[in-house]
Protein chains: 2
Amino acid sequence: MARAAATKGQTRIQREKTEQILEAALEVFARNGYRGATIDQIAEQSGLSKPNILYYFDGKRAIHGELLGRLLDTWLEPLEHLTDDGDPVEEICDYVRRKLEMARDYPRESRLFANEILQGAPHIVDELSGPLKQLTDEKARLINGWIKAGKIAPVDPYHLIFSIWATTQHYADFDVQVQAVLGDKAASRFGAAQAHLEGMYRALLSSKG
Amino acid sequence: MARAAATKGQTRIQREKTEQILEAALEVFARNGYRGATIDQIAEQSGLSKPNILYYFDGKRAIHGELLGRLLDTWLEPLEHLTDDGDPVEEICDYVRRKLEMARDYPRESRLFANEILQGAPHIVDELSGPLKQLTDEKARLINGWIKAGKIAPVDPYHLIFSIWATTQHYADFDVQVQAVLGDKAASRFGAAQAHLEGMYRALLSSKG
DNA sequence: GGATTTTCTGACCATATGGTCAAAATTATG
DNA sequence: CATAATTTTGACCATATGGTCAGAAAATCC
């Protein structure tokens, strides 16, 4: 039997079908939320039968859990790239750009995450107050260092990071609203957003406190 | 029979029970999303029996619809207050403050709205591209006027408004995450957010283009 | 206080949904 | 190619859930 979870010692079929299921599940969970998603929908989306899906995963919860687990790494990655290498303002603007690109290129992942947090993050509370908090603390210290060195304007590093998360993910999570409001201007929404956000964070970080 | 919807010609009991149900439903829908919410949960939360709830509303959808309808007015209100009265920067900062206060004082409403948008706004697409778009267009013109008059720095008014929505609602919709990351600093999150956001939008709007 | 209207409830129904299982079909393996 | 292991499926099951309904309980009206 399969009942995958580990990524080692799997047959080709196991690997392929597992990915196939996760791809379909991402689509379905992102569109309908956890409760709104059904195994039947995942089955249809993936082209597999329901029992076949349950042959590879120990239930709906397990599929969702696997998706969230993988997602979190992807999610933390852009923030990890925030380092002391170049100019602080450019570093942060780069981070904003990467996050916005993720919202544009991986909206389903963003929505999956948003859904989970909105419901109180029942499945990933530990990851939030563990890895996510640690990484954020680390980057907050980095930003505080820049402030103390007078390289950027004094801002609350945590709320700066929250602002970046909020403003970038907004374009994935609330895309319907963005498109409805922009109307025929919607096509260029990501380009315009990039320009606006870069200007905003540049102004904030370069302002004279 | 009752089957309320109109707010006219109702008995005292009808008005009371209707409110009771909506209050409970707001709690349940905000916490679990539309699909995740059950009439039984609303029944328990409100202290009424399931059939009794269905005596006042034509089904789950109708309860949700009524909530969303009322919510939209509340939602648009702060933006309507954005007028040409005082100093533009102060006007916008006031708007930010009001929105943040709403996130703090009415997080359930914010989550209900966020849930709906995340799912593609199936029940309120018309309101988004209708009233919401109109109001946003109007305020965007107002902001553009300020820019042309040289009263604030040149920014894309639509994306400025999106930023304000995103950064303020974030503290309601993603509260679990915010609290997890802030840890013991979480208690003062709204005060800190207010200071940070005011500083951010002030810097943006006062920046020399 | 009795009739009438409104409100409420227990019992019930139909469907959706997560999940199981034995057996069939397929794919390695020797 | 025969055997063993893996993969797939149709048929089911148990439960949850939205919703109905006839009649009971309250409230209102005359």
Side-chain angles (χ1 to χ4, degrees), chain A residues 1-25 27-29 31-68 115 119 122-123, chain B residues 1-25 27-29 31-68 115 119 122-123:
Chain A
M1 71 183 79
R3 291 297 154 86
T7 327
K8 284 244 174 181
Q10 288 187 113
T11 72
R12 176 185 49 85
I13 290 184
Q14 281 170 0
R15 250 175 290 126
E16 285 177 4
K17 292 295 161 75
T18 300
E19 289 312 306
Q20 200 174 333
I21 292 168
L22 287 176
E23 158 65 27
E27 186 75 30
V28 174
F29 280 127
R31 187 166 53 233
N32 305 105
Y34 180 74
R35 290 284 313 255
T38 70
I39 304 186
D40 285 298
Q41 288 173 325
I42 300 175
E44 191 183 5
Q45 180 80 26
S46 67
L48 301 177
S49 70
K50 182 164 72 165
N52 200 10
I53 286 176
L54 292 169
Y55 168 73
Y56 287 104
F57 287 93
D58 281 330
K60 185 181 173 183
R61 174 67 36 97
I63 304 176
H64 193 246
E66 179 70 20
L67 275 178
L68 278 182
N115 259 308
Q119 308 308 317
H123 309 83
Chain B
M1 72 182 77
R3 288 298 154 88
T7 326
K8 285 241 174 183
Q10 287 187 116
T11 71
R12 177 185 50 86
I13 290 185
Q14 280 171 359
R15 252 175 290 123
E16 284 177 2
K17 293 294 161 76
T18 300
E19 290 312 307
Q20 199 174 333
I21 292 168
L22 288 175
E23 159 65 26
E27 186 75 28
V28 173
F29 280 127
R31 185 166 53 233
N32 306 105
Y34 180 74
R35 290 284 312 257
T38 71
I39 304 186
D40 285 299
Q41 288 173 325
I42 300 175
E44 193 183 4
Q45 181 79 26
S46 66
L48 300 178
S49 70
K50 181 163 73 165
N52 200 10
I53 287 176
L54 292 168
Y55 169 72
Y56 287 103
F57 287 92
D58 281 330
K60 184 181 173 181
R61 176 65 39 94
I63 305 177
H64 192 245
E66 178 70 20
L67 276 178
L68 278 182
N115 260 307
Q119 308 307 318
H123 308 85

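Bear in mind that the values here come from a model prediction, so they are computed numbers and not experimental data. Each chain gets a letter, A, B and so on, in the order the sequences are listed, and its residues count up from 1.
Computed from coordinates, the A/Asn52 CG to D/dG10 C1' distance equals 13 Å when rounded to whole Å. Here the C1' atom of nucleotide D/dT6 and the CD atom of A/Gln14 are 8 Å apart, to the nearest Å. One can place CZ of A/Phe57 at 13 Å from P of D/dT8, the figure rounded to the nearest angstrom. Rounded to an integer number of Å, the gap from A/Ile39 CD1 to D/dT15 C1' is 14 Å. A straight line from CD1 of B/Ile63 to C1' of D/dG19 spans 12 Å, rounded to a whole angstrom. Counting to the nearest Å, the C1' atom of C/dA11 and the CG atom of B/Leu54 are 15 Å from each other. Nucleotide C/dA16 holds its P atom 18 Å from the CG atom of B/Asp40, rounded to whole Å. Atom CZ of A/Phe29 and atom C1' of C/dG18 are 12 Å apart (whole Å).
Under the 30°/60° scheme for interplanar angles, the aromatic rings of B/Phe29 and B/Tyr34 are found to lie parallel.
Nearer the 5' end of DNA chain D, as judged by each residue's closest nucleotide, is the contact made by A/Lys17, out of A/Lys17 and B/Gly59. Two residues, B/Arg35 and B/Ile13, neighbour DNA chain D, and the one matched to the more 5' nucleotide by heavy-atom proximity is B/Arg35. Between B/Lys50 and A/Thr38, the residue anchored closer to the 5' end of DNA chain C is B/Lys50, taking for each the nucleotide with the nearest heavy atom.
What you find for B/Ala25 and B/Ile63 is that their closest heavy atoms are CB-CG2, 3.5 Å.
Residue A/Ala62 is out of contact with every strand shown, counting any heavy-atom pair closer than 4.0 Å. Residue-level contact check: A/Ala43 touches neither bases nor backbone, having no heavy atom under 4.0 Å from any strand.
Taking a 6.0 Å sphere around CD of B/Glu44, one finds it holds 12 or fewer heavy atoms contributed by other residues, nucleotides or ligands.
Comparing D/dT7, C/dC8, D/dG18 by their closest approach to the side chain of A/Tyr55 singles out D/dT7. Out of D/dT20, C/dG18, D/dG18, the shortest distance to the side chain of B/Lys60 is found at D/dG18. Side-chain atoms of A/Pro51 lie closest to C/dT20 of the nucleotides C/dT20, D/dT20, C/dG19.
A salt bridge links B/Arg31 with B/Glu27: at least one charged nitrogen is closer than 4.0 Å to a carboxylate oxygen.
Proximity of B/Ser49 to the phosphate of C/dC8: no side-chain N or O atom is located under 4.0 Å from OP1 or OP2.
The closest side-chain heavy-atom distance from A/Lys17 to A/Leu48 is below 4.5 Å.
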